[in-house]
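One structure below.
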Amino acid sequence: MTNPRFIFVIGGVMSGIGKGIATSSIARILKSKGYRATCVKIDPYLNVDAGTMNPIEHGEVFVTDDGMETDQDIGNYERFLGENILASNYMTSGSVYMSVLSRERSLGYGGKCVQVVPHIPEEVIRRLSIVSKKTKADFILVEIGGTAGEYENILFLEAARMMHLRHPNNILFILLSYLPIPAKIGEMKTKPTQHAVRALNSVGIQPDFIIARAEASLDEPRKEKLSMFCNVSPKDIISAPDVESIYQVPLNLEKERIGDKILKKFGMKTTVRDLKDWSRMSHRAFFSKKKVKIGIVGKYFQTGNFTLADSYISVIEALKHASWFLNCQPEILWLDAETYEKDSKKMKIELSDVAGILVPGGFGARGIEGKIKAIEFARKTKKPYFGLCYGMQLAVVEFARHIAGMAGANTTEVNPKTKYPVIDVMAAQKEKIFVGKMGGSMRLGAFDCRLKENTIARRAYAERTISERHRHRYEFNSALQTVLESKGLVVSGVNPESNLVEIIELRDHPFFIGTQFHPEFKSRALEPHPLFIEFIKACLNYQK
Ligand code: GLN
């Protein structure tokens, strides 16, 4: 494609109204019409990537195949589009400034005065053109973080404005705005959105579409009002009421024919859509009634359910994808590892109630003894167990302590002086920690893993060699591998180059598996992850 089209998605009124999902959904719709679409996320903060941010505050850190630690929206794009999104499709103010400053230090600006404008927006534009070259997409959807009228995202809006000035026929702007229905007034109010459009106008941008997010559908009088005061044709104001499941959004937006409307504005051929697979999936998501109860044992529990779901979004979505595929509905229970440390009775009651136990990724010492107790419970009661990253490492610790006779075995992340360091810091990581080089320095991104025959892992995956994504500093200590294997631990997947242990499992147990990688990052709405499918199958069997 020599003529890429850019669609900027900008938020109005407030954050958290589903910009990422709307962006992913529009990309999916355009893909369903036979075009190549990709999505870019721009985050206004100064962190160079999302890796240094606490997931409780900012949500999950999503990892791409090429090892970038990104915002959770990249995960939404992948889940909706069913394609890998690479590092070039993610930028933050910090990363943009860093490029400009290091270019200045190497005399890259040839003696010019380097200025916030135009050099920062020009760097944004340069990066977007790299996305276009790399992906060869017909449509590049660019989601700008924050909302219109904020100080922080202004340079990105400036970049968008400059692109529009240069290529007016190739750029569209979508404002995704919120229309409140105040309880006491009982009427949907358009004024905040009118202000959002004014804010955009003041930076030289006129939206081509307004997606009206609200509790309810937009009615005609309000459409007219928005149209009149925001200077957008009524047919380009798209109603987007709340839905039960985010996976309904592409279908709802297509009911408003947003795909064809976008194509028409670009003067492109409209085509029939094919969202049949998508409807089937979303139908199953809606109508599967059989419940499967999964307990997630973790530690990020002090800030309430809302942020919790955000911190583990890929795990939750992967559980949903696999469950729907098997015509059931996951019911997720958030179980607090820390309380299990003191209260075994509570642990037994809670864990007896679920069909499967999952320990997700994590860092540090807090709550780990509780997680180890939960893992022990899963092993002894033969309840399906799925450990992701830290959940795998702690399963090795549990096995070492209670089966291999290694009292006090631990990961050196928690006890650097343990007699049995079954999980140890990777050699390459030691130095980075020593010099404090922490950002973007873990073992990150996709690595190959060779599977052993006659194992749960091999049964789940169709291929013998798989590729999965990582984010960790510690690993299975290969010096202790032979002893642990002789005691019955099964190493079912290793990295073919480094021989690092990537998957462990247990025999004499219907489903007990731990992966050093994060399989949840590769589960897609239309392609559930094979390990999650096996896990849910095992849980359904257990429930019987
Ligand atoms: N804290 C562990 C490590 O760094 C596990 C990391 C994770 O679960 N992502 O190796």
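Note that ligands are numbered from 1 as they come in the structure, with each ligand's atoms numbered from 1 the same way. Worth saying up front: this structure is predicted, and the values here are computed from it rather than measured. Every heavy atom of this structure was used, including side-chain atoms; hydrogens, water molecules and symmetry mates were not.
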I'd like to know if [X] pairs up with [Y] as an ion pair, taking the criterion as any Lys NZ or Arg NE/NH1/NH2 lying under 4.0 Å from an Asp or Glu carboxylate oxygen.
X    : Y    : result
R473 : E413 : no
R443 : E475 : no
E453 : R464 : yes
K299 : E338 : no
E369 : K373 : no
E485 : K452 : yes

- Per-residue contact class, E475 against ligand 1 - non-hydrogen pairs under 4.0 Å: neither
Quick one: nearest non-hydrogen protein atom to [atom], plus distance?
atom                    : result
atom 4 (O) of ligand 1  : R473 N, 3.0 Å
atom 9 (N) of ligand 1  : R471 O, 2.9 Å
atom 7 (C) of ligand 1  : C389 SG, 2.9 Å
atom 10 (O) of ligand 1 : Y474 N, 2.9 Å

Contacting atoms of ligand 1, where contact means under 4.0 angstrom from a heavy atom of [X]:
X    : result
E413 : 1 (N), 2 (C), 3 (C), 4 (O)
G361 : 8 (O)
H518 : 9 (N)

- For residues S93 and P44, report the shortest heavy-atom separation together with the two atoms involved.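 Nearest heavy atoms, S93 then P44: OG-O, 2.6 Å.
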- Item | Heavy-atom closest contact (A404 atom, L484 atom, distance) | CB-CD2, 3.9 Å
- Task: Indicate yes or no: does an N/O atom of G362 lie under 3.5 Å from an N/O atom of ligand 1?
- Result: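 Yes; the residue has a nitrogen or oxygen that sits under 3.5 Å from a nitrogen or oxygen of the ligand.
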- Message: Regarding ligand 1, does Q516 bring an N or O atom to under 3.5 Å of one of the ligand's N or O atoms?
- Response: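 No - when backbone and side-chain N and O of Q516 are compared with those of ligand 1, no distance drops under 3.5 Å.
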- Message: Under 4.0 Å, counting heavy atoms only: does M442 come that close to any atom of ligand 1?
- Response: no
